[in-house]
Visitor: 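Sending over a structure as structure tokens; questions will come in a sec.
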Amino acid sequence: MSNTNELTNRINHAYSSMSKGQKLLATYITDNYDKAVFLTAAKLGEVVGVSESTVVRFASHLGYKGYPEFQKALEEMVRNKLNSIQRMEVTYGRITQSQILETVLQADAEKIKCTLEHIDQGAFEMAVDTILKAKTIYVVGIRSCAPLASFLAFYLHLMFDRVIQLNTNNSSELFEQMVRISKEDVIIGISFPRYSMRTLKAMEFANNRNAKVITLTDSVHSPMNLYSSCNLIASSDMASIVDSLVAPLSVVNALIVALCMKKQGEVVKTLEELEHIWDEYQVYESDEINYIDDSLKMRYAKLGDDHA
């Protein structure tokens, strides 16, 4: 039973056995779920015209342990029916400004924990093995998933000779970049709701060319898995205008570490060569260090002595 329809299905299934007050609640919630989600048990009872205890019994009658669990199910239903701004209000509408940092970080920590509990270890190992054996590795992630694809591709470049990150604003350019993909290659597609049609088309194209397909997405029911033989599932939350992709990034990190462990020799050699290049061309000194020349250092030292 999907999260989207679970509460609605429970209400419909139990409606005939409900009391008069519970039926009033069921009708109100079905018609005004976007308002009900913000209400406490006492307030919901007041709005509908029933007691708080009737609201609590209503939640229990639907099979929930209590009103908080029922309200969580209501939130899940609402998130799938509202636009981005409304979904943000559902998620954060009951917390104060001072609670935002703690609430968001705690929610992200829970998503990582949920991912760890449910991810398929066998699929993860298969993904590592498939990437190691591939002639060319393609990586695609569009819109909010683009940073994940870039992060993964950056580290894959340190380990493999042929890594292609697909960057495009239309499907035509996408296919042009993939024109040579074959059964010896692998494509890693990253997409979370709202799912990218361009990413899906890239997966379909790769599958039709008999390439290996690996997906990183949020559910076994994701359309991204239609063309994939290896599915990595990570918990995400699109409840606000900012997509929470912390758990998917952790899975990407795990992939990178696992691949590094398998290719330690090549990685060490590449990093040593890069360190030499960075030193020779002063890559980090000029670009990433706030350089202060010796005359300024001497002046600051003298000022420090004067105030000592």
Side-chain angles (χ1 to χ4, degrees), residues 108-109 111-113 115-117 119-142 144-167 177-178 180-192 199 202-203 206 210-217 228-236 245-292:
D108 281 343
K111 291 175 188 67
I112 293 176
K113 181 181 178 182
T115 299
L116 179 60
E117 290 173 351
I119 196 166
D120 185 342
Q121 182 67 33
F124 180 82
E125 297 295 340
M126 183 189 296
V128 172
D129 187 57
T130 302
I131 294 169
L132 286 169
K133 292 178 179 178
K135 180 179 179 181
T136 303
I137 305 166
Y138 293 81
V139 183
V140 58
I142 306 295
S144 63
C145 292
L148 292 177
S150 295
F151 185 84
L152 176 59
F154 175 83
Y155 284 99
L156 290 176
H157 275 293
L158 298 179
M159 294 180 270
F160 300 93
D161 294 331
R162 291 183 55 81
V163 178
I164 299 175
Q165 183 184 352
L166 302 175
N167 295 301
Q177 295 174 59
M178 297 174 62
R180 293 182 178 85
I181 195 168
S182 71
K183 64 181 181 180
E184 298 177 316
D185 305 326
V186 63
I187 184 170
I188 306 168
I190 305 172
S191 189
F192 291 80
T199 302
M203 314 288 269
N210 297 314
K212 308 297 188 300
V213 179
I214 297 171
T215 56
L216 176 57
T217 189
S228 172
S229 57
C230 184
N231 309 322
L232 301 177
I233 307 301
S235 178
S236 69
L245 297 172
V246 171
L249 179 58
S250 291
V251 175
V252 169
N253 275 336
L255 267 180
I256 293 168
V257 171
L259 290 166
C260 280
M261 295 299 290
K262 295 283 189 178
K263 294 178 68 70
Q264 289 185 54
E266 294 95 324
V267 173
V268 169
K269 183 178 179 181
T270 300
L271 289 176
E272 287 175 347
E273 185 175 352
L274 284 173
E275 287 287 352
H276 177 72
I277 293 171
W278 293 335
D279 288 342
E280 183 178 353
Y281 291 93
Q282 299 179 327
V283 171
Y284 285 109
E285 185 174 342
S286 60
D287 287 349
E288 299 192 14
I289 294 178
N290 185 19
Y291 184 75
I292 301 177

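Side chains included, hydrogens not; waters and symmetry mates left out as well; all remaining heavy atoms used.
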Visitor: Determine whether Ile164 and Ile137 satisfy the following criterion, side chain to side chain contact (heavy atoms under 4.5 Å, CB included), listing intermediate values before the conclusion.
Guide: CA-CA 6 Å; Ile164 299 175; Ile137 305 166; over 6 Å; no
Visitor: Taking atom NZ as the centre, does Lys262 end up with more than 12 heavy-atom neighbours from other residues, nucleotides or ligands that are less than 6.0 angstrom away?
Guide: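 Incorrect, the count does not exceed 12.
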Visitor: Between Val140 and Ala202, which heavy-atom pair has the shortest distance, and what is it?
Guide: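 Between these two residues, the closest heavy atoms are CG1-CB, 4.5 Å.
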Visitor: Let me confirm one number: the OG1-CD distance from Thr270 to Glu272, rounded to the nearest 0.5 Å.
Guide: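 Result: 9.5 Å between the selected atoms.
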Visitor: Do Leu259 and Val267 make a side-chain contact, defined as non-hydrogen atoms from C-beta onward lying under 4.5 Å apart?
Guide: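 Leu259 does not reach Val267 side chain to side chain.
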Visitor: Would you say Glu117 has more than 12 foreign heavy atoms packed within less than 6.0 Å of its CD?
Guide: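 It does: Glu117 CD has more than 12 such atoms within range.
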Visitor: Side chain to side chain contact (heavy atoms under 4.5 Å, CB included) between Leu245 and Ile190: does it pass, once the steps are laid out?
Guide: CA-CA 11 Å; Leu245 297 172; Ile190 305 172; over 6 Å; no
Visitor: For Phe151 and Leu249, work out which heavy atoms get closest and say how close.
Guide: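 So the two residues come closest at CD2-CD1, 3.9 Å.
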Visitor: Do Ile214 and Val186 have side-chain heavy atoms sitting under 4.5 Å apart?
Guide: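 SC-SC contact between Ile214 and Val186 confirmed.
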Visitor: Distance from Met178 atom CE to Met203 atom CE, nearest 0.5 Å?
Guide: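 Result: 9.0 Å between the selected atoms.
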Visitor: Taking Asp185 for the side chain and Ser182 for the main chain, is one N or O donor matched with an acceptor at less than 3.5 Å?
Guide: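 Looks like yes, one N/O pair under 3.5 Å.
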Visitor: So, for Val251 and Ala234, which heavy atoms are closest and what is the spacing to 0.1 Å?
Guide: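 Heavy atoms of Val251 and Ala234 come nearest at CG2-CB, 4.0 Å.
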Visitor: So, Ser228 side chain and Val213 main chain: donor-acceptor pair closer than 3.5 Å or not?
Guide: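 Judged by distance alone, yes, a pair lies under 3.5 Å.
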Visitor: Does any part of the side chain of Thr136, heavy atoms only, come nearer than 4.5 Å to the side chain of Arg180, both counted from C-beta?
Guide: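 No; the side chains remain at least 4.5 Å from each other.
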Visitor: Step by step, work out the side chain to side chain contact (heavy atoms under 4.5 Å, CB included) result for Lys111 and Val246.
Guide: CA-CA 8 Å; Lys111 291 175 188 67; Val246 171; over 6 Å; no
Visitor: For residues Leu216 and Leu255, determine if any side-chain heavy atom of one lies less than 4.5 Å from a side-chain heavy atom of the other.
Guide: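 Of all side-chain heavy-atom pairs linking Leu255 with Leu216, none is under 4.5 Å.
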Visitor: From Ile187 CD1 over to Ile181 CD1, what is the distance, rounded to the nearest 0.5 angstrom?
Guide: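 Answer rounded to 0.5 Å: 5.0 Å.
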Visitor: Can any side-chain N or O of Glu266 pair as donor or acceptor with the backbone N or O of Phe160 at less than 3.5 Å?
Guide: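 Not at all, since once roles are kept as given, no pair shorter than 3.5 Å links the two residues.
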Visitor: Within a strict 4.5 Å, meaning less than it, do heavy atoms of the Ile233 and Thr217 side chains meet?
Guide: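 Counting from C-beta outward, Ile233 and Thr217 do come under 4.5 Å.
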Visitor: Which heavy atom in Lys135 sits nearest to a heavy atom in Arg162, and how many Å separate them?
Guide: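 Looking at all heavy atoms of both residues, the shortest contact is O-CB, 3.6 Å.
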Visitor: Would you check if the side chain of Thr215 reaches a backbone N or O of Gly189 as a donor-acceptor pair within less than 3.5 Å?
Guide: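 Absent.
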Visitor: Drop me the distance from Thr199's OG1 to Ile188's CD1, to the nearest 0.5 angstrom.
Guide: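 With rounding to 0.5 Å, OG1 (Thr199) is 13.0 Å from CD1 (Ile188).
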Visitor: How many angstroms lie between CG in Leu158 and NZ in Lys269, if you round to the nearest 0.5 Å?
Guide: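 Separation between the atoms: 14.5 Å.
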Visitor: Show, in sequence, the C-alpha distance, side-chain angles and deciding distance for Leu156 and Met159, and conclude whether the side chain to side chain contact (heavy atoms under 4.5 Å, CB included) test is met.
Guide: CA-CA 5 Å; Leu156 290 176; Met159 294 180 270; 4.2 Å; yes
Visitor: Look at the side chain of Lys212 and the backbone N and O of Lys183, then say whether any donor-acceptor pair between them is shorter than 3.5 Å.
Guide: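 Side chain of Lys212 to backbone of Lys183: a pair is present.
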Visitor: Identify the heavy atoms of Pro248 and Phe192 that sit nearest to each other, and give their distance.
Guide: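 Between these two residues, the closest heavy atoms are CG-CZ, 3.3 Å.
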Visitor: If you measure from OG on Ser250 to CG on Leu116, what distance do you get to the nearest 0.5 Å?
Guide: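 Going from the OG atom of Ser250 to the CG atom of Leu116 covers 9.5 Å.
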Visitor: Taking all heavy atoms of Thr115 and all of Ser235, pick out the closest pair and write down the distance.
Guide: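 Shortest heavy-atom contact: OG1-N, 2.8 Å.
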Visitor: Does Tyr155, at its OH atom, have more than 12 non-hydrogen atoms belonging to other residues, nucleotides or ligands within less than 6.0 Å?
Guide: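 Open.
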Visitor: With sequence neighbours left out, what residues match Gln121 under side chain to side chain donor-acceptor pair (under 3.5 Å)?
Guide: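 Checked Gln121 against side chain to side chain donor-acceptor pair (under 3.5 Å); matches are Glu125.
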